[in-house]
Amino acid sequence: MSDELQRVEEEWAAAVAASDVDAAREILAEDFVLTSSGGVSDHMSRDEWLAALPAVHTRSLECTDVIARELGDVAVVRARLRWEASVGDRDLTGEYLVADVFKREGGRWKASWRISTRVT
């Protein structure tokens with residue numbers, strides 16, 4: 001995986017862990033959509049995701065088994081996330097398989113789509 005994509009994935013995980021809306025805003029493209037099975041929401045726009053982030057209490061977040069492929073101005077990253085988190089009374093803890101679609105905007109990779117499936 002390119003160093004730049006690795007850095008963006010790490011920044012994204014850190015933003016989630018810290019509930020840092022400003023950092024997350026820099027990572028997400030304007031057209032970002034979260035499609036999640038077993039996570040926060042089945043379908044969530046960028047604005048909805050940013051608004052919900054402060055309510056997510058993350059105790060730990062580990063990203064492993066990362067593989068990326070750059071296709072010009074688009075990149076796809078596949079990873080496994082081990083996440084210990086909750087939103088209110090809802091426990092989100094588990095392992096997730098994610099596919100992240102990035103696009104180059106203003107010389108930087110921006111996340112346009114995260115497809116997330118909770119596997120445990």
Margin query: Test of understanding: with side-chain contact (heavy atoms from CB on, under 4.5 Å), list the residues that count as partners of E10, not counting sequence neighbours.
Written below: Q6
Next item on the list: Can you sort out the partners of V74 under side-chain contact (heavy atoms from CB on, under 4.5 Å), two or more places apart, ordered by chain and number?
Entry: V101
If we only count heavy atoms from C-beta on, is the [X] to [Y] side-chain gap below 4.5 Å?
{"X": "I67", "Y": "R69", "result": "no"}
{"X": "V56", "Y": "W49", "result": "no"}
{"X": "C63", "Y": "L81", "result": "yes"}
{"X": "R46", "Y": "R25", "result": "yes"}
{"X": "T93", "Y": "R59", "result": "yes"}

Check: Can you check side chain to side chain donor-acceptor pair (under 3.5 Å) on D47 and S45, steps first, answer last?
Finding: CA-CA 6 Å; D47 289 343; S45 72; 5.5 Å; no
In Å, rounded to the nearest 0.5 Å, how long is the span from [atom1] of [X] to [atom2] of [Y]?
{"X": "R82", "Y": "Y96", "atom1": "CZ", "atom2": "OH", "result": "13.5 Å"}
{"X": "L28", "Y": "F102", "atom1": "CG", "atom2": "CZ", "result": "9.0 Å"}
{"X": "E4", "Y": "R104", "atom1": "CD", "atom2": "CZ", "result": "4.0 Å"}
{"X": "E26", "Y": "E11", "atom1": "CD", "atom2": "CD", "result": "9.5 Å"}
{"X": "I27", "Y": "D22", "atom1": "CD1", "atom2": "CG", "result": "11.0 Å"}
{"X": "L97", "Y": "I115", "atom1": "CG", "atom2": "CD1", "result": "11.5 Å"}

Indicate the atoms forming the closest heavy-atom contact of [X] with [Y], along with that distance.
{"X": "L50", "Y": "A24", "result": "CD2-CB, 3.7 Å"}
{"X": "A75", "Y": "L5", "result": "CB-CD1, 3.7 Å"}
{"X": "K103", "Y": "A29", "result": "CE-CB, 3.8 Å"}
{"X": "D91", "Y": "A85", "result": "OD1-O, 3.1 Å"}

Next item on the list: Look at the side-chain heavy atoms of Ile, Leu, Val, Met, Phe, Trp and Tyr, link any pair under 4.5 Å apart, and say whether V21 and M44 land in one connected group.
Entry: yes
Next item on the list: Identify whether V76 and V8 are in the same connected component of the hydrophobic contact network (ILVMFWY, side-chain heavy atoms under 4.5 Å).
Entry: no
Next item on the list: May I have the step-by-step check of side-chain contact (heavy atoms from CB on, under 4.5 Å) for E48 and L34, ending in yes or no?
Entry: CA-CA 10 Å; E48 292 168 328; L34 169 69; over 6 Å; no
Note to self: Quick check against the 3.5 Å criterion: does T35 have a side-chain atom that pairs as donor or acceptor with the backbone of W113?
What the structure shows: no
Notebook entry, point to check: Are E9 and R114 ion-paired here, with the side-chain N under 4.0 Å from a carboxylate O?
Noted result: yes
